[in-house]
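For reference, the structure is listed below as C-alpha coordinates.
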Amino acid sequence: MIIDQSTGPACPEPSGADHDPSGPGPFAAGPFGVGPFGSQPSPAPGTPTSTVERRRPVRPRTSRRVPAPLAVPATLALAFLVLPLVGLVVRAPWPTLPQRLVEPEVLAALRLSLVAATLATGVCLVLGVPLAWLLARVEFPGRRLVRALITVPLVLPPVVGGLALLLLLGRRGLIGQWLDRWFDVTIPFTTAAVVIAEAFVALPFLVIAVEGALRGVDERYEEAAATLGASRWTTFRRVTLPLVAPGIAAGALLCWARALGEFGATITFAGNFPGRTQTMPLSVYLLLETDPPAAIVLSLVLLAVSVGILVALREKWIGSPA
(Lines give C-alpha, C1' and ligand atoms only; values in the text may rest on other atoms or scores of the structure.)
Protein backbone atom coordinates (compact mmCIF):
# COMPACT_ATOMS: atom_id res chain seq x y z
CA MET A 1 0.00 0.00 0.00
CA ILE A 2 1.10 3.60 -0.79
CA ILE A 3 0.02 6.38 1.55
CA ASP A 4 -0.97 9.54 -0.28
CA GLN A 5 0.02 12.23 2.23
CA SER A 6 -1.88 14.97 0.42
CA THR A 7 -5.24 13.32 0.85
CA GLY A 8 -4.69 10.87 3.60
CA PRO A 9 -6.51 7.80 2.25
CA ALA A 10 -4.45 4.94 1.10
CA CYS A 11 -4.09 4.41 -2.62
CA PRO A 12 -3.65 0.97 -4.03
CA GLU A 13 -0.31 0.18 -5.57
CA PRO A 14 -0.52 0.01 -9.35
CA SER A 15 -0.55 -3.47 -10.64
CA GLY A 16 1.72 -4.86 -13.36
CA ALA A 17 -0.90 -4.19 -16.00
CA ASP A 18 -0.84 -0.52 -15.13
CA HIS A 19 2.91 -0.41 -15.81
CA ASP A 20 2.69 -2.30 -19.08
CA PRO A 21 3.74 0.13 -21.81
CA SER A 22 1.92 -1.91 -24.37
CA GLY A 23 -1.39 -1.26 -22.68
CA PRO A 24 -3.68 1.60 -23.56
CA GLY A 25 -3.12 5.10 -22.29
CA PRO A 26 -1.22 8.23 -23.16
CA PHE A 27 2.13 6.60 -22.40
CA ALA A 28 1.51 3.47 -24.46
CA ALA A 29 4.44 2.23 -26.52
CA GLY A 30 4.08 2.75 -30.23
CA PRO A 31 6.33 2.69 -33.23
CA PHE A 32 8.17 5.75 -31.89
CA GLY A 33 8.66 4.57 -28.31
CA VAL A 34 7.19 5.29 -24.93
CA GLY A 35 5.88 8.72 -24.23
CA PRO A 36 3.01 10.98 -25.08
CA PHE A 37 4.84 12.32 -28.15
CA GLY A 38 6.75 9.23 -29.17
CA SER A 39 10.03 11.11 -29.63
CA GLN A 40 12.51 8.32 -28.86
CA PRO A 41 12.85 4.83 -30.32
CA SER A 42 12.27 1.95 -27.99
CA PRO A 43 15.53 0.16 -27.10
CA ALA A 44 15.63 -3.59 -27.02
CA PRO A 45 15.32 -5.18 -23.58
CA GLY A 46 18.67 -5.24 -21.83
CA THR A 47 20.35 -2.79 -24.24
CA PRO A 48 22.44 -0.14 -22.43
CA THR A 49 21.37 3.44 -22.95
CA SER A 50 24.82 4.50 -24.18
CA THR A 51 24.64 1.89 -26.92
CA VAL A 52 21.30 3.23 -28.08
CA GLU A 53 22.57 6.79 -28.15
CA ARG A 54 25.65 5.90 -30.21
CA ARG A 55 23.78 3.86 -32.77
CA ARG A 56 23.86 5.35 -36.26
CA PRO A 57 22.06 4.31 -39.42
CA VAL A 58 24.12 2.00 -41.56
CA ARG A 59 24.56 3.06 -45.18
CA PRO A 60 24.28 0.33 -47.75
CA ARG A 61 27.59 -0.54 -49.34
CA THR A 62 27.79 -0.14 -53.08
CA SER A 63 30.21 -2.07 -55.19
CA ARG A 64 33.04 0.02 -56.63
CA ARG A 65 33.90 -2.46 -59.32
CA VAL A 66 33.23 -1.09 -62.79
CA PRO A 67 31.43 -3.51 -65.11
CA ALA A 68 33.53 -4.60 -68.07
CA PRO A 69 30.94 -3.43 -70.67
CA LEU A 70 31.41 0.09 -69.27
CA ALA A 71 35.11 0.03 -68.38
CA VAL A 72 36.37 -1.03 -71.81
CA PRO A 73 34.56 1.69 -73.88
CA ALA A 74 35.44 4.31 -71.26
CA THR A 75 39.12 3.37 -71.43
CA LEU A 76 39.08 3.44 -75.22
CA ALA A 77 37.40 6.87 -75.20
CA LEU A 78 40.02 8.25 -72.80
CA ALA A 79 42.83 6.83 -74.91
CA PHE A 80 41.24 8.22 -78.06
CA LEU A 81 41.26 11.72 -76.56
CA VAL A 82 44.59 11.67 -74.74
CA LEU A 83 46.95 9.67 -76.99
CA PRO A 84 47.01 12.21 -79.86
CA LEU A 85 48.05 14.90 -77.38
CA VAL A 86 50.68 12.58 -75.95
CA GLY A 87 52.02 12.02 -79.47
CA LEU A 88 52.22 15.79 -79.98
CA VAL A 89 54.20 16.22 -76.77
CA VAL A 90 56.51 13.26 -77.46
CA ARG A 91 57.35 14.33 -81.01
CA ALA A 92 57.98 17.97 -80.07
CA PRO A 93 61.50 19.28 -80.85
CA TRP A 94 62.33 20.04 -77.23
CA PRO A 95 66.08 20.73 -77.75
CA THR A 96 65.38 23.45 -80.33
CA LEU A 97 62.10 24.68 -78.84
CA PRO A 98 63.41 28.02 -77.45
CA GLN A 99 65.05 28.91 -80.76
CA ARG A 100 61.97 28.05 -82.79
CA LEU A 101 59.70 30.10 -80.55
CA VAL A 102 61.65 33.28 -81.41
CA GLU A 103 61.69 32.77 -85.17
CA PRO A 104 60.22 35.78 -87.04
CA GLU A 105 57.32 33.90 -88.68
CA VAL A 106 56.39 32.23 -85.41
CA LEU A 107 56.48 35.50 -83.48
CA ALA A 108 54.44 37.26 -86.17
CA ALA A 109 51.72 34.60 -86.08
CA LEU A 110 51.73 34.56 -82.28
CA ARG A 111 51.50 38.35 -82.02
CA LEU A 112 48.69 38.61 -84.57
CA SER A 113 46.75 35.79 -82.91
CA LEU A 114 46.96 37.36 -79.46
CA VAL A 115 45.97 40.82 -80.71
CA ALA A 116 43.12 39.58 -82.89
CA ALA A 117 41.72 37.25 -80.22
CA THR A 118 41.81 40.04 -77.63
CA LEU A 119 40.06 42.51 -79.94
CA ALA A 120 37.46 39.89 -80.88
CA THR A 121 36.81 39.23 -77.19
CA GLY A 122 36.32 42.94 -76.62
CA VAL A 123 33.79 43.09 -79.45
CA CYS A 124 31.97 40.07 -78.00
CA LEU A 125 31.84 41.70 -74.56
CA VAL A 126 30.38 44.94 -75.92
CA LEU A 127 27.76 43.15 -78.01
CA GLY A 128 27.22 39.91 -76.09
CA VAL A 129 26.58 41.09 -72.53
CA PRO A 130 23.58 43.29 -73.49
CA LEU A 131 22.25 40.51 -75.69
CA ALA A 132 22.54 37.99 -72.86
CA TRP A 133 20.75 40.40 -70.49
CA LEU A 134 17.96 40.86 -73.05
CA LEU A 135 17.45 37.10 -73.35
CA ALA A 136 17.51 36.55 -69.59
CA ARG A 137 15.43 39.49 -68.37
CA VAL A 138 13.04 40.60 -71.12
CA GLU A 139 10.07 38.69 -72.44
CA PHE A 140 9.49 39.44 -76.13
CA PRO A 141 7.98 37.57 -79.07
CA GLY A 142 10.43 35.31 -80.82
CA ARG A 143 12.87 35.03 -77.93
CA ARG A 144 13.31 31.30 -78.48
CA LEU A 145 14.02 31.90 -82.15
CA VAL A 146 16.63 34.53 -81.28
CA ARG A 147 18.30 32.14 -78.83
CA ALA A 148 18.36 29.43 -81.49
CA LEU A 149 19.91 31.80 -84.05
CA ILE A 150 22.61 32.79 -81.57
CA THR A 151 23.68 29.18 -81.16
CA VAL A 152 23.88 28.54 -84.93
CA PRO A 153 27.63 29.41 -85.13
CA LEU A 154 28.29 26.68 -82.57
CA VAL A 155 27.13 23.96 -84.98
CA LEU A 156 27.79 25.70 -88.29
CA PRO A 157 31.00 24.61 -90.07
CA PRO A 158 33.48 27.50 -89.70
CA VAL A 159 34.16 27.54 -93.44
CA VAL A 160 30.46 28.13 -94.06
CA GLY A 161 30.52 30.94 -91.51
CA GLY A 162 33.46 32.55 -93.31
CA LEU A 163 31.64 32.26 -96.64
CA ALA A 164 28.55 33.88 -95.12
CA LEU A 165 30.67 36.78 -93.86
CA LEU A 166 32.24 37.13 -97.28
CA LEU A 167 28.83 37.29 -98.96
CA LEU A 168 27.72 39.91 -96.44
CA LEU A 169 30.80 42.14 -96.14
CA GLY A 170 32.67 41.42 -99.37
CA ARG A 171 33.08 44.02 -102.09
CA ARG A 172 29.95 42.63 -103.75
CA GLY A 173 28.21 41.61 -100.54
CA LEU A 174 24.92 42.83 -99.21
CA ILE A 175 26.56 45.45 -97.00
CA GLY A 176 30.13 45.41 -98.26
CA GLN A 177 29.22 46.88 -101.65
CA TRP A 178 27.83 49.99 -100.00
CA LEU A 179 30.84 50.28 -97.71
CA ASP A 180 33.13 50.10 -100.74
CA ARG A 181 31.05 52.53 -102.82
CA TRP A 182 30.33 55.19 -100.18
CA PHE A 183 33.33 54.99 -97.84
CA ASP A 184 35.91 53.14 -99.95
CA VAL A 185 36.23 50.56 -97.17
CA THR A 186 37.13 46.95 -97.97
CA ILE A 187 36.98 44.49 -95.09
CA PRO A 188 37.82 41.02 -96.48
CA PHE A 189 41.46 39.83 -96.43
CA THR A 190 42.47 42.38 -93.80
CA THR A 191 43.31 42.17 -90.10
CA ALA A 192 39.85 43.56 -89.36
CA ALA A 193 38.41 40.56 -91.20
CA VAL A 194 40.33 38.27 -88.82
CA VAL A 195 38.77 40.02 -85.82
CA ILE A 196 35.27 39.84 -87.33
CA ALA A 197 35.61 36.15 -88.21
CA GLU A 198 36.84 35.26 -84.73
CA ALA A 199 34.11 37.31 -83.07
CA PHE A 200 31.47 35.59 -85.21
CA VAL A 201 32.42 32.10 -84.04
CA ALA A 202 33.21 33.06 -80.43
CA LEU A 203 30.23 35.29 -79.56
CA PRO A 204 27.82 32.40 -78.73
CA PHE A 205 30.17 31.15 -76.00
CA LEU A 206 30.00 34.49 -74.20
CA VAL A 207 26.24 34.94 -74.63
CA ILE A 208 25.44 31.46 -73.31
CA ALA A 209 27.76 31.82 -70.31
CA VAL A 210 26.48 35.28 -69.32
CA GLU A 211 22.83 34.36 -69.83
CA GLY A 212 23.29 31.35 -67.54
CA ALA A 213 24.91 33.58 -64.92
CA LEU A 214 22.06 36.09 -65.16
CA ARG A 215 19.44 33.38 -64.71
CA GLY A 216 21.25 32.20 -61.58
CA VAL A 217 21.14 35.65 -59.94
CA ASP A 218 18.39 36.37 -57.43
CA GLU A 219 16.22 39.03 -59.05
CA ARG A 220 15.15 40.37 -55.66
CA TYR A 221 18.34 42.44 -55.52
CA GLU A 222 17.38 44.16 -58.76
CA GLU A 223 13.81 44.62 -57.55
CA ALA A 224 15.09 46.16 -54.31
CA ALA A 225 17.22 48.63 -56.28
CA ALA A 226 14.21 49.53 -58.42
CA THR A 227 12.06 50.18 -55.34
CA LEU A 228 14.77 52.57 -54.09
CA GLY A 229 14.40 54.63 -57.25
CA ALA A 230 17.26 53.28 -59.36
CA SER A 231 16.71 53.29 -63.10
CA ARG A 232 17.08 50.11 -65.11
CA TRP A 233 20.46 51.21 -66.45
CA THR A 234 21.70 52.09 -62.96
CA THR A 235 20.46 48.76 -61.63
CA PHE A 236 22.23 46.93 -64.44
CA ARG A 237 25.46 48.86 -63.89
CA ARG A 238 25.57 48.93 -60.08
CA VAL A 239 23.78 45.69 -59.13
CA THR A 240 23.57 43.20 -61.99
CA LEU A 241 27.08 43.52 -63.39
CA PRO A 242 28.87 42.94 -60.06
CA LEU A 243 26.69 39.88 -59.40
CA VAL A 244 27.42 38.26 -62.77
CA ALA A 245 31.06 39.37 -63.02
CA PRO A 246 32.42 35.81 -62.49
CA GLY A 247 30.17 34.50 -65.25
CA ILE A 248 31.26 37.30 -67.58
CA ALA A 249 34.92 36.56 -66.85
CA ALA A 250 34.43 32.85 -67.52
CA GLY A 251 32.57 33.55 -70.76
CA ALA A 252 35.22 36.04 -71.89
CA LEU A 253 37.96 33.50 -71.24
CA LEU A 254 36.17 30.83 -73.26
CA CYS A 255 35.47 33.37 -75.98
CA TRP A 256 39.14 34.36 -76.14
CA ALA A 257 40.29 30.74 -76.35
CA ARG A 258 37.80 29.98 -79.13
CA ALA A 259 38.91 33.06 -81.08
CA LEU A 260 42.56 32.13 -80.67
CA GLY A 261 42.00 28.72 -82.24
CA GLU A 262 39.74 29.76 -85.10
CA PHE A 263 40.79 28.48 -88.54
CA GLY A 264 37.98 27.87 -91.05
CA ALA A 265 36.17 31.21 -90.96
CA THR A 266 39.47 33.10 -90.86
CA ILE A 267 41.03 31.47 -93.91
CA THR A 268 37.79 31.86 -95.89
CA PHE A 269 37.01 35.48 -95.00
CA ALA A 270 40.47 36.91 -94.26
CA GLY A 271 42.85 34.71 -96.23
CA ASN A 272 46.32 33.54 -95.23
CA PHE A 273 48.73 36.46 -95.61
CA PRO A 274 51.80 36.38 -93.33
CA GLY A 275 51.95 39.31 -90.94
CA ARG A 276 48.43 40.49 -91.85
CA THR A 277 45.94 37.65 -91.54
CA GLN A 278 48.04 34.57 -90.79
CA THR A 279 47.17 33.52 -87.26
CA MET A 280 48.67 30.58 -85.39
CA PRO A 281 46.22 27.93 -86.66
CA LEU A 282 46.79 29.09 -90.23
CA SER A 283 50.53 29.13 -89.66
CA VAL A 284 50.38 25.55 -88.34
CA TYR A 285 48.57 24.49 -91.51
CA LEU A 286 51.17 26.17 -93.71
CA LEU A 287 54.25 25.04 -91.76
CA LEU A 288 53.04 21.45 -91.72
CA GLU A 289 54.12 21.20 -95.37
CA THR A 290 57.35 23.19 -95.16
CA ASP A 291 58.62 22.91 -91.57
CA PRO A 292 56.82 20.26 -89.47
CA PRO A 293 58.86 20.89 -86.27
CA ALA A 294 57.80 24.55 -86.31
CA ALA A 295 54.19 23.47 -86.78
CA ILE A 296 54.51 21.24 -83.73
CA VAL A 297 55.91 24.14 -81.70
CA LEU A 298 52.94 26.35 -82.53
CA SER A 299 50.60 23.45 -81.79
CA LEU A 300 52.19 23.11 -78.36
CA VAL A 301 51.53 26.79 -77.71
CA LEU A 302 47.85 26.35 -78.58
CA LEU A 303 47.68 23.20 -76.45
CA ALA A 304 49.21 25.03 -73.48
CA VAL A 305 46.65 27.82 -73.86
CA SER A 306 43.78 25.32 -73.98
CA VAL A 307 45.00 23.50 -70.87
CA GLY A 308 45.47 26.81 -69.08
CA ILE A 309 41.88 27.81 -69.89
CA LEU A 310 40.54 24.53 -68.52
CA VAL A 311 42.62 24.88 -65.35
CA ALA A 312 41.37 28.43 -64.83
CA LEU A 313 37.73 27.35 -65.27
CA ARG A 314 37.88 23.96 -63.56
CA GLU A 315 35.75 25.07 -60.60
CA LYS A 316 33.01 26.53 -62.79
CA TRP A 317 32.84 24.09 -65.69
CA ILE A 318 34.48 20.77 -64.95
CA GLY A 319 35.08 20.83 -61.20
CA SER A 320 32.92 18.93 -58.77
CA PRO A 321 32.68 19.29 -55.01
CA ALA A 322 34.50 16.66 -52.99
Side-chain angles (χ1 to χ4, degrees), residues 104-132 149-210 248-287 298-299 301-302 304-306 308-309:
E105 59 272 14
V106 173
L107 288 179
L110 179 61
R111 185 183 305 109
L112 178 61
S113 296
L114 294 177
V115 172
T118 303
L119 291 176
T121 303
V123 172
C124 292
L125 284 171
V126 173
L127 302 178
V129 174
L131 180 58
L149 292 176
I150 291 171
T151 57
V152 165
L154 294 177
V155 297
L156 189 70
V159 174
V160 178
L163 179 60
L165 290 174
L166 188 62
L167 295 177
L168 177 69
L169 300 175
R171 296 186 63 181
R172 296 183 179 180
L174 297 177
I175 298 178
Q177 59 178 338
W178 304 109
L179 293 176
D180 181 59
R181 182 180 305 174
W182 292 347
F183 305 101
D184 196 22
V185 173
T186 303
I187 296 178
F189 309 109
T190 62
T191 304
V194 177
V195 176
I196 293 174
E198 292 180 350
F200 176 77
V201 299
L203 182 60
F205 289 89
L206 179 71
V207 173
I208 292 174
V210 176
I248 294 177
L253 201 54
L254 285 174
C255 180
W256 185 82
R258 180 63 185 90
L260 189 68
E262 172 50 34
F263 175 83
T266 302
I267 197 172
T268 306
F269 183 54
N272 188 13
F273 301 100
R276 189 172 65 180
T277 64
Q278 188 180 90
T279 57
M280 282 196 294
L282 274 64
S283 182
V284 169
Y285 177 75
L286 183 64
L287 291 174
L298 283 178
S299 300
V301 174
L302 292 173
V305 171
S306 302
I309 296 297

Working to the nearest 0.5 angstrom, can you tell me the gap between Ile267 CD1 and Thr277 OG1? 8.5 Å
If you measure from CG on Leu287 to CD on Glu105, what distance do you get to the nearest 0.5 Å? 6.5 Å
Do Val305 and Trp256 come within less than 4.5 Å of each other through their side chains, counting heavy atoms only? yes
Identified side-chain contact (heavy atoms from CB on, under 4.5 Å) counterpart of Leu298 within the set Thr279, Val106, Leu282: Val106
Please find the pair of heavy atoms, one from Thr190 and one from Thr186, that lie closest to each other, and give the distance. CG2-O, 3.8 Å
Could you report the tightest heavy-atom contact between Val284 and Ser299, atom names first, then the distance? CG1-OG, 3.6 Å
Nearest 0.5 angstrom please: Leu169 CG to Gln177 CD, how far? 11.5 Å
State, with a plain yes or no, whether a side-chain heavy atom of Leu119 is found less than 4.5 Å away from one of Thr191. no
Do Phe263 and Pro158 have side chains that get closer than 4.5 Å, going by heavy atoms? no
Output the distance between atom CG (Leu131) and atom CD1 (Ile150), rounded to the nearest 0.5 Å. 4.0 Å
Between the side chain of Glu198 and the main-chain N/O of Phe200, is any donor-acceptor distance below 3.5 Å? no
Pairwise distance CD1(Ile175) to CG(Leu168) - rounded to 0.5 angstrom: 4.5 Å
Ser283 to Ala109 - nearest heavy-atom pair and separation: CB-CB, 3.8 Å
Locate the shortest heavy-atom distance separating Leu206 from Gly128; write the atom from each residue and the value. CD2-CA, 4.2 Å
Over all atoms of both residues, closest heavy-atom pair of Met280 and Ser113: N-OG, 2.7 Å
Taking C-beta and beyond as the side chain, do Leu114 and Leu260 meet within less than 4.5 Å on heavy atoms? yes
With a 6.0 Å cut-off (strictly less than), is the heavy-atom count around OH of Tyr285, excluding the residue itself, greater than 12? no
To check you understand the geometry: which heavy-atom pair defines the closest contact between Ala270 and Ala193, and what is its length? CB-CB, 3.8 Å
Between the OG1 atom in Thr121 and the CG atom in Leu254, the distance rounded to the nearest 0.5 Å is 10.5 Å
